[in-house]
Amino acid sequence: IRDSYKGVPAPITNGGLNEHGVAVRDIWSTSRAELIEMTPKTQTGPNYSDLARLVLERAKTAKEGVVLIGSLIAEYGESSYGGNSHLIADANEAWVVIQFSGGQGLWAAERLGSKSIRVSRPGYIENIPVDDPGNKNFLYSPNLVSFCKEKGWYSTGTFNLNKILGDGKGRWDGVKWMEKTLQSLIAEGKKISFKEILWALRTSKLTGDTAGYGQIVPLLKQSHSSSRILWHAPIGAIASTFSPVFIGQDNVPSEFAKHRYLTTGEAHRFMDDRKIENGEIDSVSLVSQEIESSRSAVMECKRLLYLILQDPERYKSEVSEVFEKREIELFGSTRELLKLVDVLLNQDQIDLAKKERDMLNNFKDTDDVLHLDSIYYPASMLLDIADSLALGEIAMAENNTTEAVIQFSKAVAVQDKLPYTEPPFWYYPTRLSLGKALLKSGNASEAESVFKENLKRYPRNGWAMYGLSLIHI
């Protein structure tokens with residue numbers, strides 16, 4: 001159907017997460033047949049992908065996203081391929097938004113409660129209390145009810161949006177099963193954990209080759225936008241594992257970048273420019289040689305999927321077990337990493353910093369570290385430096401300058417014994433930390449000696465000169 005209408009290109013942005021913690025996901029939602037027939041063949045308004053992108057660019061809350069979609073449709077219309085929906089959520093609330101085809105600017109949104117379970121497959125909204133237009137749990141286009149009355153699709157009584165303007169099928173059987181399963185956990189007083197979400201996205205009852213990919217967004221109240229996270233699986237999760245993607249990261253591993261496999265138009269393109277001489281500009285691939293030389297996560301996961309489908313009873317449980325074990329372990333380590341990130345960003349959670357230091361200390365004497373030890377990579381010495389610096393910074397945060405001087409002195413002693421290499425094994429001169437602690441303790445003369453010694457080893461080091469300037473002001 002998409003190819004039948006102008007203004008509806010292949011999906012660009014089906015959803016994602018923004019810096020304000022607003023998550024968006026596009027899900028198909030078929031409109032009533034008469035509406036599809038009414039849809040103009042030439043459309044100019046934003047399509048479902050545009051709406052998702054604009055919400056991510058502009059909305060600071062989920063409700064702002066809903067209002068934005070409504071205002072955009074009212075002003076510009078919408079390019080539809082048969083109806084669509086969006087889930088928009090933040091840490092406080094979530095909304096289901098349905099946009100209908102037909103070129104009439106029809107849309108409706110339902111707010112989900114804190115204990116609501118909604119499986120949008122497809123997106124749906126059922127009863128809307130149209131006799132209570134101020135209801136805070138529903139928003140809809142001004143012409144929603146009047147248009148339906150004009151068409152003779154509604155007169156009075158219950159306004160069931162799906163029956164009147166949707167496909168009329170209500171909740172599909174798979175949706176009923178999944179919602180009931182997850183709702184039963186809440187009824188038992190349990191919380192839906194990361195593990196249950198993994199299962200819901202991986203079950204073969206709802207996931208297969210038609211699933212484009214999987215994503216999970218933890219909706220948390222976070223003070224630092226760069227630590228927001230989205231868990232991504234490159235294809236349907238039955239044959240791919242979820243990995244964390246941080247909103248603050250500025251690059252993507254080549255394996256997860258766009259490869260030629262399944263990319264529109266790449267079948268007739270080449271990885272060199274020889275045909276350009278004949279004027280065939282479109283003969284050159286849009287994918288770089290560097291990326292194409294790497295393994296494609298999508299292709300590898302698709303291969304695994306087709307293996308599983310040949311004998312699901314034999315392979316599915318084995319693959320799922322390996323994936324889930326990795327994901328649970330990765331979820332735990334990622335959670336700890338986020339705590340450490342917050343420590344570094346806030347610099348005031350001393351107890352948590354001590355906990356992270358203890359984790360580092362426990363790691364120091366493991367086989368994973370010891371087998372690396374050599375003149376070419378003194379792993380144990382580097383961890384000793386990191387440990388002493390961590391203890392020194394904790395002591396500084398607690399205003400214990402005496403202990404800080406002791407720990408920073410240990411770090412200096414170990415760094416002085418490191419083998420020479422360029423660049424050096426440790427990324428900065430630890431005497432700078434020692435000099436800072438000595439200054440704070442009131443021992444300016446020793447601090448001066450430390451900064452001068454640092455300048456002998458690292459001439460014209462700006463931080464050492466800055467430390468000396470503090471002494472002689």
Side-chain angles (χ1 to χ4, degrees), residues 222-227 246 248-249 332-366 368-369 372-373 377-419 421 423-458 461-471 473:
Q222 293 171 269
S223 55
H224 304 289
S225 61
S226 59
S227 61
F246 292 90
Q249 71 183 64
S333 60
T334 301
R335 183 170 54 188
E336 294 301 317
L337 175 62
L338 287 172
K339 292 178 181 178
L340 179 57
V341 168
D342 284 339
V343 169
L344 295 174
L345 293 173
N346 293 330
Q347 296 184 1
D348 61 0
Q349 298 186 34
I350 297 173
D351 290 341
L352 189 53
K354 289 179 178 178
K355 179 181 177 182
E356 297 299 331
R357 179 266 163 185
D358 290 341
M359 292 177 61
L360 174 66
N361 190 53
N362 293 335
F363 183 62
K364 282 183 1 181
D365 297 324
T366 62
D368 290 336
V369 172
L372 293 174
D373 271 334
Y377 192 77
S380 294
M381 294 177 71
L382 295 176
L383 285 175
D384 283 338
I385 293 173
D387 186 45
S388 295
L389 290 176
L391 289 172
E393 291 296 342
I394 290 171
M396 288 286 284
E398 295 177 326
N399 293 316
N400 186 349
T401 55
T402 300
E403 180 63 22
V405 168
I406 293 173
Q407 295 301 330
F408 290 143
S409 296
K410 290 181 180 179
V412 169
V414 177
Q415 186 177 27
D416 285 349
K417 296 176 183 178
L418 287 175
T421 184
F425 281 116
W426 195 255
Y427 67 99
Y428 84 101
T430 53
R431 279 184 172 80
L432 298 177
S433 296
L434 176 58
K436 175 184 69 174
L438 288 167
L439 266 181
K440 189 173 182 180
S441 69
N443 198 333
S445 60
E446 284 194 41
E448 182 177 12
S449 298
V450 168
F451 288 133
K452 286 181 176 179
E453 179 62 27
N454 189 80
L455 286 171
K456 290 180 183 178
R457 295 171 180 262
Y458 303 93
N461 179 273
W463 287 111
M465 289 189 285
Y466 175 70
L468 288 174
S469 71
L470 294 177
I471 295 170
I473 289 178

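Atoms CG and CG, from Asn454 and Leu432 in turn, are 4.5 Å apart once rounded to the nearest 0.5 Å. If you take CD1 on Ile394 and CG on Leu389, they are separated by 11.0 Å, rounding to the nearest 0.5 Å.
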Please tabulate, one pair per line, all N/O donor-acceptor pairs under 3.5 Å involving side-chain atoms of residues 433-440, not counting sequence neighbours.
residue : atom : partner : partner atom : Å
Ser433  : OG   : Tyr428  : OH           : 2.6
Lys436  : NZ   : Glu393  : OE2          : 3.3
Lys440  : NZ   : Asn399  : OD1          : 3.3

Scan the side chains in residues 406-414 for donor-acceptor partners under 3.5 Å anywhere in the protein, sequence neighbours excluded, and list what turns up.
residue : atom : partner : partner atom : Å
Gln407  : NE2  : Glu403  : OE2          : 2.7
Ser409  : OG   : Val405  : O            : 2.7

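Enclosure of atom CH2 in Trp426 by more than 12 non-hydrogen atoms of other residues, nucleotides or ligands within 6.0 angstrom is indicated.
Between Phe451 and Leu470, every side-chain heavy-atom pair lies at or beyond the 4.5 Å cut-off. Thr334 has its side chain within reach of Phe246: a pair of non-hydrogen atoms, C-beta onward, lies under 4.5 Å apart. Under the 4.5 Å side-chain criterion, counting only non-hydrogen atoms from C-beta, Arg431 is not in contact with Leu455. Pro424 is not listed as a side-chain neighbour of Leu418, based on a closest heavy-atom distance of 4.5 Å or more.
Listed by chain and residue number, Lys452, Leu468, Ile471, His472 satisfy the side chain to side chain contact (heavy atoms under 4.5 Å, CB included) test with Glu448 (two or more places apart in sequence, or in another chain).
Residues Asp416 and Arg457 share a closest heavy-atom pair of OD1-NH1, 3.5 Å. Closest non-hydrogen pair, Gly392 versus Ala404, comes out as O-CB, 3.7 Å.
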